[in-house]
Amino acid sequence: MKIQAINGFKDILPDQMLLWRRIEHTAAEVFQRFGMREIRVPLMEKTELFVRSIGEATDVVEKEMYTFSEKKTTMRPEATASIMRAFIEHGMHVQQPVQRLFTIGPMFRHERPQKGRLRQFHQLDAEIVGATEPQVDAELIAMGQLILDELGLSTSLEINSLGCQECRPPYRRKLISFLEEQREELCEDCRRRTHKNPLRVLDCKKTACKTIAHQAPSLLEDLCEGCSSHFAQVQEGLDALEIPFTLNRFMVRGLDYYTQTTFEFLTADLGAQAAVGAGGRYDGLIEQLGGPALPGIGFAMGIERLALLMEQNAEEPLEQQTDIFLAALGEQAPQPCSRLIHQLRKDGLKAAMDYSGRSLKAQMKQANRCHARFVLIIGDSELEQQQGVLRNMQSQEQQSFPLTGSPQEQSQSLLRLLQL
RNA sequence: GUGAGCGUAGCUCAGCUGGUGGUAGCACCGGGUUGUGGCCUCGGAGGUCGUGGGUUCAAGUCCCAUCGCUCACCCCA
C-alpha cells in the first residue's frame, strides 16, 4: 500500500509556491501599510480556549476540532482565539491602547474535504483590538478589500449587524417564537436550528425557508440605538472610502463571539464555497477570556480559496528565474565550474549547473527548463584556451568570456556582463 | 455524520454489447545538428488497469467486498 497524504491535507508543490508567496507577500505588505504588526502564535492551544471563545454549541467545537483529549489540547481551528489569548497573556493593551495584529498560517478542522475546503487550510488573519469606532470597522474592511484588489480578484462584499448583548437576546427570542409558528413550513434542518441557532435559519438555501426568512422579523430593525448608529456609521465610512457593499440581513456567523458588524467577501467561482474572506466585531470576547473589557474586530481569508480563484484567472503561471546556468562538458570542466558557481551564488546570483556530464544539448535543455537568462559553456577546449562561451538565451547572442583570474574576479566580470 | 460519482503510465485521459493494455496528448530520455535550448521530426523508456474475491474458456470491461479520491449536503475561510 502506497503511503499518501491524509485526506484533506495537501502538499503545496513548488509550482504553486510562487503564487502562494505572492498572496502572502501582498497581504503582509498591505497589512503593514495599515500599521498592522505580525504575530505568530502556536498551532495548538488548550481545548478550553476554543470552547470558550468559539462557543460550545457551534459545529466547529462540537465536531470539527482535532483534539488530543488526554492532553486537553487542540489544533487551532481559527486564529482569533489564539491571538486574543496571547494578547491577554502578554498584557499587550498596556503597551498601546489599540493593537493592530496580523498572522498567516495553517488552521485545522475535521470536516469532509471538498472544493475550496480542507482539513488543514491556511488563513490570512487580521485583528484590531481596543477600538470601538465604526471608522475602524470600515478601515478594516477596506484593508481586506485592498488585498483582494491587489491580487486582482473581484469579489462582492456583504455586510450585516448582529447586534450586541443588549439587543440580540430579545431579538433571538422574538425570532424563535416566529419560527415556532412556522414550524410546519420549515425544512428538517431548520426545525433543528430553531433553538440551536435560530439566526442560521435566515441563511437557509431552501426556497421554503427563504420565504419564511423574508417574512421573519429583521434584526436590523430591532437593533438598539448604539448598534443601529454604529452600523449606520460603518456604512457611511465604507461609502466615504468608496468601497461598494450590499446589505445582507440574512448573513450569520458560525462562531459565537461575533457582535455588531459582520461581513463576507464572496465569489461565485468556488463551487459551494462562496466566502473567500469573512470577519466581524467581537466586543465581548476578550473579557470573556479573562482579559480586560476591550473591543475587537477582525477577519480571515482562506489562502487556498484565493489561490484557486487566481489559478482560474491564470494569465501566465509564475516561474522561478535563473540568472545563469553553467554547462560543464568533459572530464575537466566540473571542478572549476563548481568553484565558479559557488562564488556566483555568494555574489547573489541565482545560478545552476548539472554535474551529470550529459551532452551540451541536454544541458541546454535543462538551462531552458530553469529559465536561465544566460548559459556559460565550459568544455575541454574552453579550458585550454581559457575562454568560456557566454550565451544570452533570449537574444541567442554569444560572446567569449575569459576564464582567467580567480573565481572572485571571474564572478565580478560576469556580474558586470549580466547587468547589461 | 449523509448522499452521489470516479480509481487505466509522473499528469490528463481513450478503451463500444467481456476476446492480445493505447501509434493518444503533456512531461521525461536519446537521435536528427561530429559541442548549442525553446518550434519541428524520428525513436525510447515507463503499467501488479486501486486492492481482494467471484462469474466465465476468457475480466480494464460484469458482480460483491474493501481501500482511496472527488463533488455535494451539513458547516465554514
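All figures in this text were calculated on a predicted structure; none of them were measured in a lab. Just so we're on the same page: letters track the sequence lines, and every chain starts at 1.
Under the 30°/60° scheme for interplanar angles, the aromatic rings of A/H110 and A/Y66 are found to be tilted.
Between the side chain of A/K361 and the base of B/rG32 there is at least one donor-acceptor pair of N/O atoms closer than 3.5 Å. Side-chain N/O atoms of A/E64 and base N/O atoms of B/rG1 include no donor-acceptor pair closer than 3.5 Å. One can find a donor-acceptor pair under 3.5 Å joining the base of B/rC75 and the side-chain atoms of A/R117. Scanning atom types as modelled, no donor and acceptor separated by under 3.5 angstrom connect the side chain of A/N368 and the base of B/rG38. Scanning atom types as modelled, no donor and acceptor separated by under 3.5 angstrom connect the side chain of A/Q363 and the base of B/rU36.
A salt bridge links A/R33 and A/E150; the closest N-O separation between the charged side-chain nitrogens and carboxylate oxygens is under 4.0 Å. Ionic pairing of A/R117 and A/E111 is present here: one or more N-O contacts between side-chain nitrogen and carboxylate oxygen are shorter than 4.0 angstrom. A/E264 and A/R253 are joined by a salt bridge, as a carboxylate oxygen and a charged side-chain nitrogen come within less than 4.0 angstrom of each other. A salt bridge links A/E139 to A/R100: one of the charged nitrogens lies within less than 4.0 Å of a carboxylate oxygen.
Shown here, B/rA59 forms no base pair; nothing in the strands shown gives a Watson-Crick or G-U wobble contact with both key distances under 3.5 Å. With a 3.5 Å ceiling on both atom-pair distances, B/rG35 lacks any Watson-Crick or G-U wobble partner. Pair check for B/rU70 finds B/rA4; Watson-Crick or G-U wobble, both atom distances under 3.5 Å.
Here B/rA77 presents its C1' atom at 11 Å from CG of A/L255, a figure rounded to the nearest Å.
Taking side-chain N and O atoms only, A/R200 has a distance below 4.0 Å to OP1 or OP2 of B/rC75. Note on A/N7: every side-chain N or O is 4.0 Å or more away from OP1 and OP2 of B/rC67.
Heavy-atom nearest nucleotides on RNA chain B were determined for A/E264 and for A/K10, and the one closer to the 5' end corresponds to A/K10. Nearer to the 5' terminus of RNA chain B, by closest-nucleotide assignment, is the contact made by A/M393 (compared with the other of A/M393 and A/A274).
Taking every side-chain heavy atom of A/L360 into account, B/rU36 is the closest of B/rU2, B/rG37, B/rU36. Comparing B/rC71, B/rG35, B/rU36 against the side chain of A/Q114 picks out B/rC71 as the nearest. Across B/rG35, B/rG37, B/rA77, the shortest atom-to-atom separation from the side chain of A/L329 is found for B/rG35.
At a threshold of 4.0 angstrom between heavy atoms, the contacts of A/I377 include nucleobase atoms, whether or not backbone atoms are also involved. Among the protein residues, A/A372 comes within range of no part of the nucleic acid, since none of its heavy atoms lies under 4.0 Å from any strand.
On the C1' atoms, B/rU61 is 25 Å away from B/rG10, given to the nearest whole Å. For the C1' atoms, the distance linking B/rA27 with B/rU12 amounts to 11 Å, nearest Å.
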